[in-house]
Structure formats: structure tokens, C-alpha cells
Enquirer: 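Just passing along the structure, written as C-alpha cells.
Below, chain A is the first sequence line, B the second, and so on; all start at residue 1. The shown structure was predicted, so the numbers you read here are calculated from the model rather than taken from an experiment. Below, each value reflects all heavy atoms present in this structure, side chains not excepted, and no hydrogens, waters or symmetry copies.
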Amino acid sequence: MLTPRTKLLVVIAGPTAVGKTSLAIELATKLKTHILSCDSRQFYRELKIGTATPSEMELAKAPHHFIGNLSVTDYYNAARYESEALALLKRLYQEHDVVILCGGSGLYINALCNGIDELPDPDPDLRKEIKENYLKFGVEYLQNELQKLDPIYYSRVDRLNPNRIIRALEVAMATGKPYSSLLTHRAKPRQFRIIKIGLFRERDELFERISQRTTCMVTNGLVDEVRNLLSFRHLNALNTVGYKEILNYLDGKISLEQAFTDIRTNTRRYAKRQLTWFRKDTDYQWFHPDQQDEILALIESSL
RNA sequence: GGUACCAUAGCUCAGCAGGUAGAGCAACGGACUGAAAAUCCGUGUGUCACUGGUUCGAUUCCAGUUGGUACCA
């Protein structure tokens, strides 16, 4: 008796500039399948150069999804990604046994693999109001409100992180329930199996690649890309490594040379945070990006 | 060649009237549930250039050596 073949999601994750894109394309070509990008900034079609979005040539080699699918003016979040990616996977699995998820946004990868709790999207007016009070009365205001509305979360949250508390407050105010009571910390069941592959390079090697990629972005016209986005500078999508620094330059706050240096530094820090995130997920099996054959063998043995 | 000054963390530099040292930046570690390339927390990582001398004790004082900078030749 034949058992139905279970579908497989291959997660290719790792720090920025490690070489995820080209490996994913190679794998997708060999497995004749699609790539779901999971990069919270490559969603935005206006952010191309500074986010190292795959080139037209690369995109042509394998079907990609979630690249340039949004405008910087669109609102988006990890929960939406979860439902959209799940819906897309359902379709793709009708014709493919394996699909590749490729990206460096840990929260979004988790949202797809484990699910994210059902919480309300932020109400912009409410968020604005809380934020104004925060700016007026400081983080103590946030802490006091949280202690009243959700003492449990208050006891364990990082109380100096305004974003965390603002989110907890807006959920508590919108639902009338403590934020902590809505978090299940339970993984949602999935109709497919998942293998997680982490890509790793020595720090020196990674930093060298970051440095070279930054030089490349500049040559490819990053400054012009940012200049064309000046009217969108207040949007969250522009709060991104590569864009913030060039904005500082265009504002005359720093030299162009300094902006490049800052991009390199901030990209290294971003890579470090990504590594911290992925390291704690013990499901990852780590490979050097050159170990394509080993990775392919692992995937095929899982099919 | 002479004179002066300098040599302390990856970098820029404090400091010690003698009791083995500390800031900023960088770096490193961590947190993370609708902002996540975001946001936030933590950590000094050192042959105090080298070799001697004085001293109970030298990174600190003295001499020499090496390297650097400036000026004079």
C-alpha cells in the first residue's frame, strides 16, 4: 500500500550576504520547483539595490515569490506573510513535492513554520496615541500602563524596549485582554514537513562579502535609489540598513564615505542579530554554501 | 646626524605625585509573536613597545634600544 507522499518545505536561512540567493536558485533548478522569498525588505519593489534583491537574470532562473510584491506604502506584517505563504504553498504543492523557502527574516520564517498567534493588527490611531504619550512622559509611562493592564507580561518583558511595550499595550487596549493571555507559545500543525538548513561562513569571510556587496550597491546606484524615495522616508520600509545611512548623507549630516562605512558596520550588526536568532533554533542543520551536493543529498533523502 | 615629543584594548586616547589600568568607537554575547534589515539588553577582550636599573613593589621614576612624529641640520 502506498502512503501519500508528504510535502516538504526546505528552509534556506542564514545571515545576510552569506550566499542564500544563489544556492536557493541552484537547488530550485535541480529540484524543478519554486522559491518563496522570506526577506522583510525584498518585498518592497522600490527597494532593490539596497536590499540586494536578486537580479532579473537570477529571477529568471527559477520561479520566485514574495519579491517586489509590495510597495513601500503598503502595510505588512509577519501574520499576513504567514497566511499568504500558506495559501501559496497549498497551490504549489499540487504540482511539487518540495518548495524552497529562502530568506533571513527570522520572525517571518517562524510565522510560516510555526504559526503566529491570532492577534489584532495595530490600530494606527491607537498606536499613535500611545506613542505620543511615550514621547511626552517617557518609558515610565509605558511601564506603568503595562503594569496595570498586563502584570504578567510586565514581569518578563524587556522594560526598556518601547516597541515591545507599545505593542502589548495596543493589543490589551484593543481586546480588553492582557497581551500575555493571547500568546500561546504553541506551534501550529502544518500539512508539510520542514527541514531547516542554515548557511554559515567564517566571520572574516562574511564581513568581506558584506564589504564587497556594499561597494557593489554604491556602484549600482544606491544613492539615486534613495534619492528617488525621499518622499517616503518616514515609512517603516525605509527604516532599513543601506537607506538610513544614505539619508543621513543626503541630509548633509555625514560624508558619502562615512555613509558607506556605516552601511558596512550596520550590515555586520544585522548579520550578527540574524545569527543569534537562527542559532537558538536547534532544528537548523548548518552547511557552508559551497556544500551544495551535501545539501541536495539531504533534501533528496527526505523526500 | 642633532634636539624635542610620543609609544597603554582592534582604533582614537585618558590615567597612575610607584600598589599590574579605563573611556568613546569598533567587536563580542543575548532577547525577540502584526515595526523584525525593526527595537532593546549585557560584556573590557590588555606582555601598559623592548632590555636593564632604582625599589618591598615599576605601566608610572632613570638609562639604553627600537619604532613613530615634529623641528633643526
Enquirer: Could you please name the option among B/C32, B/C40, B/G29 that lies closest to any side-chain atom of A/Arg164?
Expert: B/C32
Enquirer: Has A/Asn236 got a side-chain N or O lying under 4.0 Å from the OP1 or OP2 atom of B/A36?
Expert: yes
Enquirer: Does a sphere of radius 6.0 Å around CD1 in A/Ile152 hold more than 12 heavy atoms from other residues, nucleotides or ligands, not counting ones at 6.0 Å or beyond?
Expert: no
Enquirer: Which nucleotide, B/A35, B/U39, B/C41, lies nearest any side-chain atom of A/Lys244?
Expert: B/U39
Enquirer: Counting only side-chain nitrogens and oxygens, does A/Arg203 get under 4.0 Å of the OP1 or OP2 atom of B/C28?
Expert: yes
Enquirer: Side-chain donor-acceptor pairs under 3.5 Å in residues 85-95 of chain A, sequence neighbours left out?
Expert:
residue: A/Tyr93; atom: OH; partner: A/Leu8; partner atom: O; Å: 2.9
residue: A/Tyr93; atom: OH; partner: A/Leu9; partner atom: N; Å: 3.4

Enquirer: Donor-acceptor pair under 3.5 Å: do we get one between A/Lys272's side chain and the base of B/G29?
Expert: yes
Enquirer: Tell me whether the OP1 or OP2 atom of B/A36 has a side-chain N or O from A/Arg41 closer than 4.0 Å.
Expert: yes
Enquirer: Whole Å only: how far is the CG atom of A/Leu238 from the P atom of B/U39?
Expert: 13 Å
Enquirer: What integer number of Å spans the C1' atoms of B/C72 and B/U12?
Expert: 30 Å
Enquirer: Distance between the C1' atoms of B/G18 and B/U65, in whole angstroms?
Expert: 24 Å
Enquirer: Rounded to the Å, how far apart are A/Ile166 CD1 and B/A36 C1'?
Expert: 15 Å
Enquirer: Going by modelled atom types, is there a donor-acceptor pair between the base of B/U39 and the side chain of A/Asn161 at under 3.5 Å?
Expert: yes
Enquirer: When the side chains of residues 118-126 of chain A are checked against the rest of the protein, which donor-acceptor pairs come out under 3.5 Å, sequence neighbours left out?
Expert:
residue: A/Asp121; atom: OD1; partner: A/Asn77; partner atom: ND2; Å: 3.2
residue: A/Asp121; atom: OD2; partner: A/Arg80; partner atom: NH2; Å: 3.0
residue: A/Asp123; atom: OD1; partner: A/Asp125; partner atom: N; Å: 2.9

